[in-house]
Amino acid sequence: MRTATLGPAERVQALEAMAERELDVLVVGAGVVGAGTALDAATRGLSTGLVEARDWASGTSSRSSKLIHGGLRYLEMLDFALVREALKERGLLLGRLAPHLVKPVPFLYPLQHKGWERLYAGSGVALYDAMSVSSGHGRGLPVHRHLSRRHALRVAPALKKDALVGALQYYDAQMDDARYVATLVRTAAGYGAQVANGARVTGFLREGERVVGARVEDVEAGGEYEIRAKQVVNATGVWTDDTQALIGERGQFHVRASKGIHLVVPKDRIHSSTGLILRTEKSVLFVIPWGRHWIIGTTDTDWDLDKAHPAASSADIDYLLEHVNSVLSTPLTRDDVEGVYAGLRPLLAGESDATSKLSREHTVAHPAPGLVVVAGGKYTTYRVMAKDAVDEAVHGLDQRVADCVTEDVPLLGAEGYHALWNARARIAARTGLHVARVEHLLNRYGAMTEEILELIATDPVLGEPLPSADDYLKAEIVYAASHEGARHLDDVLTRRTRISIETFDRGTRSARLCAELMAPVLGWDKSQIDREVTHYEKRVEAERESQRQPDDLTADAARLGAPDIQPI
């Protein structure tokens, strides 16, 4: 398999190739499900295209809780099938498919009642571990353990002494969701899929009742392509209903958007060696280790405003702070918050008014000949959703097609990762980078770290950290534009890196230098650099303003004050 480079030239070539001859499958939407669907189709030997209106994972798939988990709380809903499926996928991702991107993470569940709660919660966590092992892919994570209050406070000194009578500790897994999707897309491209971001579907091509392709606008360079395909897969998440409307037919199901917001605070604000999971009156609240930070989330509220840029209101932020402070001995304040992000979950609309009770399961449908729709689900089970979508598409192909093989297809960077990890001290000595820096690269790029190191060998300046975001090297910014399909400054600061939520300035101090590093790759002149920086600064200010507003309506209006950047 070749290492796919997704630079500006490759993007244009991909669009031209898609328009040149009929594809077997065209996937619309490059979130985790769309990217996974493209990989599934390509690895079955099908000619495959993937188009995305904005950037890889620019919607829901970059704004999650960053967890790969079985859904412990779904056990309480007695949804054993969903939990078992998710635990199997968690094991596959940790052990075989993406060990460089998916990592174990411990969680502490404080107990507040003596006796019955330890028995009740302990039984649930024990069942969770047992189901993980019985899935055949559960080994490798430590099993849960019961802790006394004294032991729990040693593990998590930040907790109030009266906030718990004891605790349970168990393990799940986490990843950088946007990086994961970008790697999925590159893996699909490596197996022959043609992929293009900044390529918006404006309508479907029809022959009678049959959908035979899509009209695609090149948002970046202008112009329109007619891309013909035997089967089109709509994997547009919370935009599913909007995309379905393009064929002028009512969908067989509807997708509701549920907003979840997260706060990011520095590691030193919460003294703990483990993540936390807390019960709220509506759902659960996570405090998740995230490098030199903590992620605190999430909310679960209905959202029917702008889908592209869901806004976090002041009320959302207060809700999270109030709930996390109920157990912390040193409360967090607004001043402790480095970053805030909001995302939308695509939930299958049902009878329940509360989005927290809507199904996290997925559905695949064939609403018109030639068109498959996949919606719902959860990040952890994206591979199953992709398999089901391609299985459905295969029914409409007049050819024999191989079964799904993605259970045995590691993502780009996984092969050789463990060997490079074992050699990290030697790599550090060879390159002059600190071993911690090499570890950072290996856990973001896996075996593709060598490509970053080649950039640094060619231009040693790229081995320097970014002055205002020193977790990242300058080479990573260049690599994002040259290899990972980043088209704009926003793509790099928000998704290829997490500078936009990991610094108190939200990335504004890094913006100009990053734009200057991207400029030679993308052919930007000084005026385009200025436009990119100005747009990013306006975006950050609009987000800050939205987070000062009291409710969703006013927060949405404030966030819309910074529209998406348009290329010249």
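Residues: numbered from 1 along the sequence shown.
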Can we say Asp55 and Arg487 salt-bridge, meaning some charged N sits less than 4.0 Å from an Asp/Glu carboxylate O?
-> no
Contacts table for residues 419-427: side-chain donor-acceptor under 3.5 angstrom, sequence neighbours left out:
| from | atom 1 | to | atom 2 | distance (Å) |
| --- | --- | --- | --- | --- |
| Asn422 | ND2 | His418 | O | 3.4 |
| Arg424 | NE | Glu439 | OE2 | 2.8 |
| Arg424 | NH1 | Trp421 | O | 2.7 |

Any luck finding a side-chain donor-acceptor pair between His362 and Thr381 under 3.5 Å?
-> no
Using the salt bridge (Lys or Arg N to Asp or Glu O under 4.0 Å) rule, take Glu89 and Arg383 through it: C-alpha gap first, then chi angles, then the decisive distance, then the call.
-> CA-CA 8 Å; Glu89 294 304 309; Arg383 196 192 61 80; 2.9 Å; yes
Between Arg292 and Asp470, does at least one N-O distance fall below 4.0 Å, as a salt bridge requires?
-> yes
Between Leu23 and the options Thr48, Ile227, Leu46, the side chain to side chain contact (heavy atoms under 4.5 Å, CB included) test singles out Ile227
Go through the steps for Arg495 and Ser500 under the test side chain to side chain donor-acceptor pair (under 3.5 Å), then give the verdict.
-> CA-CA 9 Å; Arg495 286 174 290 279; Ser500 67; over 6 Å; no
Which one of Glu532, His535, Arg531, Gln528 satisfies the side chain to side chain donor-acceptor pair (under 3.5 Å) criterion with His488?
-> Glu532
Sequence neighbours left out, what passes ring pair (Phe, Tyr, Trp, His ring centres under 6.0 Å) with His69? Give chain and number order.
-> none
Step through the shown structure and confirm whether more than 12 heavy atoms of other residues, nucleotides or ligands are within 6.0 Å of CD on Glu415.
-> no
Smallest separation among heavy atoms of Thr380 and Arg90, with atom names | CG2-N, 4.2 Å
With a 3.5 Å cut-off and no angle check, do the side chains of Glu338 and His293 form a donor-acceptor pair?
-> yes
If you draw a 6.0 Å radius around CZ in Arg509, do more than 12 non-hydrogen atoms from other residues or ligands fall strictly inside?
-> no
Would a line drawn from the ring center of His144 to the ring center of Tyr171 be shorter than 6.0 Å?
-> no
Exercise: do Arg444 and Thr497 side chains pair donor with acceptor under 3.5 Å = no
Steps toward ring-ring contact (aromatic ring centres under 6.0 Å, His included) verdict (Phe286, His262) = CA-CA 9 Å; Phe286 286 102; His262 296 79; 9.1 Å; no
Nearest heavy atoms of Tyr379 and Val181, plus distance in Å | OH-CG2, 3.4 Å
Under 4.0 Å between a Lys/Arg side-chain N and an Asp/Glu carboxylate O for Asp391 and Arg44?
-> yes
Verify side chain to side chain donor-acceptor pair (under 3.5 Å) between Thr243 and Thr236, making sure each step is shown before the conclusion.
-> CA-CA 7 Å; Thr243 313; Thr236 51; 2.9 Å; yes
Decide whether Tyr479 and Glu451 meet the rule of one side-chain donor and one side-chain acceptor closer than 3.5 Å.
-> yes
Crowding at CG, Asp268 (>12 non-hydrogen neighbours, <6.0 Å) = yes
Ionic contact status for Lys88 with Glu407, cut-off 4.0 Å | yes
Between CD1 of Ile270 and CG of Leu276, what distance do you get to the nearest 0.5 Å?
-> 7.0 Å
Please report the closest heavy-atom contact between Gly463 and Leu433, naming both atoms and the distance.
-> O-CD2, 3.9 Å
Cationic tip of Lys66 within the cone over Tyr341's six-membered ring, i.e. under 6.0 Å and within 45° of the normal?
-> yes
Ion pair check, Asp176 and Arg498, cut-off under 4.0 Å | yes
Would Tyr180 and Tyr382 count as a ring-ring contact (aromatic ring centres under 6.0 Å, His included) if you check the C-alpha gap in whole Å, the side-chain angles of each, and the deciding distance to 0.1 Å?
-> CA-CA 12 Å; Tyr180 192 95; Tyr382 82 87; 5.7 Å; yes
Verdict with supporting geometry, Tyr225 and Glu16, side chain to side chain donor-acceptor pair (under 3.5 Å) | CA-CA 8 Å; Tyr225 295 85; Glu16 290 173 349; 4.7 Å; no
Could you verify whether a donor N or O on one side chain and an acceptor N or O on the other, from Ser64 and Asp177, lie under 3.5 Å apart?
-> yes
Does the distance from a Lys or Arg side-chain N to an Asp or Glu carboxylate O, for Glu502 and Lys267, drop under 4.0 Å?
-> no
